[in-house]
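Here is the structure we will look at.
Whatever order the structure lists them in is the order used to number ligands and atoms, beginning at 1.
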Amino acid sequence: MSERGATTPPLPQRTLAEWQQLDRAHLHPFTDHGAIQKKGTRVIARAEGVYLYDVEGRQLLDGMAGLWCVNLGYGRIELADAAYSQMRTLPYYNSFFQCTHPPAIELAQALVAVTPPQFNHVFFTGSGSEANDTVLRAVRHYWTSLGQPERSIIIGRHNGYHGSTVAGASLGGMAPMHAQGGLPIPGIVHIRQPYWYGEGGDLSPEEFGLVAAQALEDKILELGPERVAAFIAEPIQGAGGVVIPPATYWPAIQRIVDRYGILLVADEVICGFGRTGEWFGSDYYRIRPDLMPIAKGLSSGYQPIGGVMIADRVADVLLGPGGEFNHGFTYSGHPVACAVASAALRIYREEKLIERVKTDVGPYLKQRWSELASHPLVGEARSVGLIGALELVRDKSRRTLFTPGGEVGTWCRDLCVENGLVMRAVRDTMIISPPLIITRGQIDELVEKARRCLDLTLAKVQADARFRIRS
Ligand SMILES: *Cc1c(COP(=O)(O)O)cnc(C)c1O
């Protein structure tokens, strides 16, 4: 593709202040616009590997892989080439009304090869939220097609995240999202989350995992099993604060959904594509979901694309007695997005990135990350594969959180950015999810920067009477 010539686009010519001024009028997702007016936005101009560069050329180590998605790191020419070449061949065609195109067929085949064996069918969407809207409609259509339309209730979890469309936000259990726009929609209820650190009290993690799973059976019995269609959960809750369930949780959940014959939906939008050191979180926890929403790492974030993997049990009904499924998106199976995702899957395989997470960088992160537990602010340092969290607390021995919550986490997050590290805060839980290509040396850099920012946060905490800790 030499006819392209120079491939580096010219750097933007405006100053940071000019960019911020131009941006002021506009709305951003999940953003405090009051804070934008005061501080301005961070304007990222380019990226390479695990590093971001803002418009002033400042380098940041991206501890979040964008938004949990740039698993292959930035600057992947193979993915750019796949997009370029597909745009020239067929930039768009739809998959409605008995049409399709080779990139969608090839990606579907590649997904069937890497997903658990019950998955031989995929429905493409443009995002993770659309995948969860598809889940809601597919699950209800499934039970109606089987002559059980009263089986319509879907059980989710408090503090779960399944996206920001109306169905996605309803399936999720984020109270601030429900508070805006009259959510959840009818027919969706929530049970407690398996968050031992915050809610486990005096129970051991193993005991608490069983208690949290029992909440599902209690809810099914309360509603009447004949009315429950499905249970949806992330294998590890991401946006909720990287809640890693106790080892007893998922086996107990699997026993309960099997006992009542309800569908299990594992939202793999974050856990999928190697994050845990297995292809999917369902592989890591050895569960057998009936539906698996996917997105984010599917294209390594290079194109917006999602989908739902559909197990044979469900597909046999949807493809047979279900008749026409009156659902779909203009960009379902977008050819450019599919071509890029296929190229991404090739890289995961050829570079053995998932094995590398499991046997090399995942264990190394665990070792280095757990060292942070000795810091006076850190109550727990947990991780699986390349996803991790630090609980910032007032009293480590009693697991006492800061009140009011959220302020200390925000200080830490802002100090991280000032010191060249993107680490997110969920209330006072600091979270990371770096690109899977991160090296051991870069993990050292991440941990050292995190420690330095914890020290700076501690200094702020000790200077504030509301938060001061005795160590
Ligand atoms: C990000 C996310 C979604 C939503 O995906 P979008 O592409 O933002 O719509 C759904 N589920 C989980 C678990 C997510 O992390």
Salt bridge check, [Y] against [X]: does any charged N sit closer than 4.0 Å to a carboxylate O?
X	Y	result
Arg259	Glu217	yes
Lys358	Glu355	no
Lys296	Glu234	no

| Proximity flag Lys296 to ligand 1, non-hydrogen atoms under 4.0 Å | yes

I need the contact type for [X] against ligand 1. Using non-hydrogen atoms and a strict under-4.0 Å cut-off, is it side chain, backbone, both or neither?
X	value
Trp68	neither
Thr165	neither
Ala295	neither

| said: Counting only heavy atoms from other residues, nucleotides and ligands, does the tally under 6.0 Å from CZ of Arg42 exceed 12? | reply: no

| field | Qualifying residue for side chain to side chain contact (heavy atoms under 4.5 Å, CB included) with Val422, from Leu60, Leu61, Leu446 | value | Leu60

| query | What closest approach, in Å, do Gln86 and Pro103 show between heavy atoms, and which atom pair accounts for it? | reply | OE1-CG, 3.4 Å

Counting from 1, what ligand 1 atoms have a heavy atom of [X] closer than 4.0 Å?
X	result
Asn132	10 (C), 11 (N)
Ile270	15 (O)
Glu234	13 (C)
Ser127	7 (O), 9 (O)

Would you mind checking which non-hydrogen protein atom is closest to [atom], with the distance to 0.1 Å?
atom	result
atom 8 (O) of ligand 1	Ser129 OG, 4.2 Å
atom 11 (N) of ligand 1	Asp267 OD2, 2.8 Å
atom 5 (O) of ligand 1	Gly128 CA, 3.2 Å
atom 10 (C) of ligand 1	His162 C, 3.4 Å

| query | Heavy-atom distance under 4.5 Å between the side chains of Gln237 and Tyr161, does that happen here? | reply | no

| ring-ring contact (aromatic ring centres under 6.0 Å, His included): which pairs involve residues 166-185, sequence neighbours left out? | His178-His190

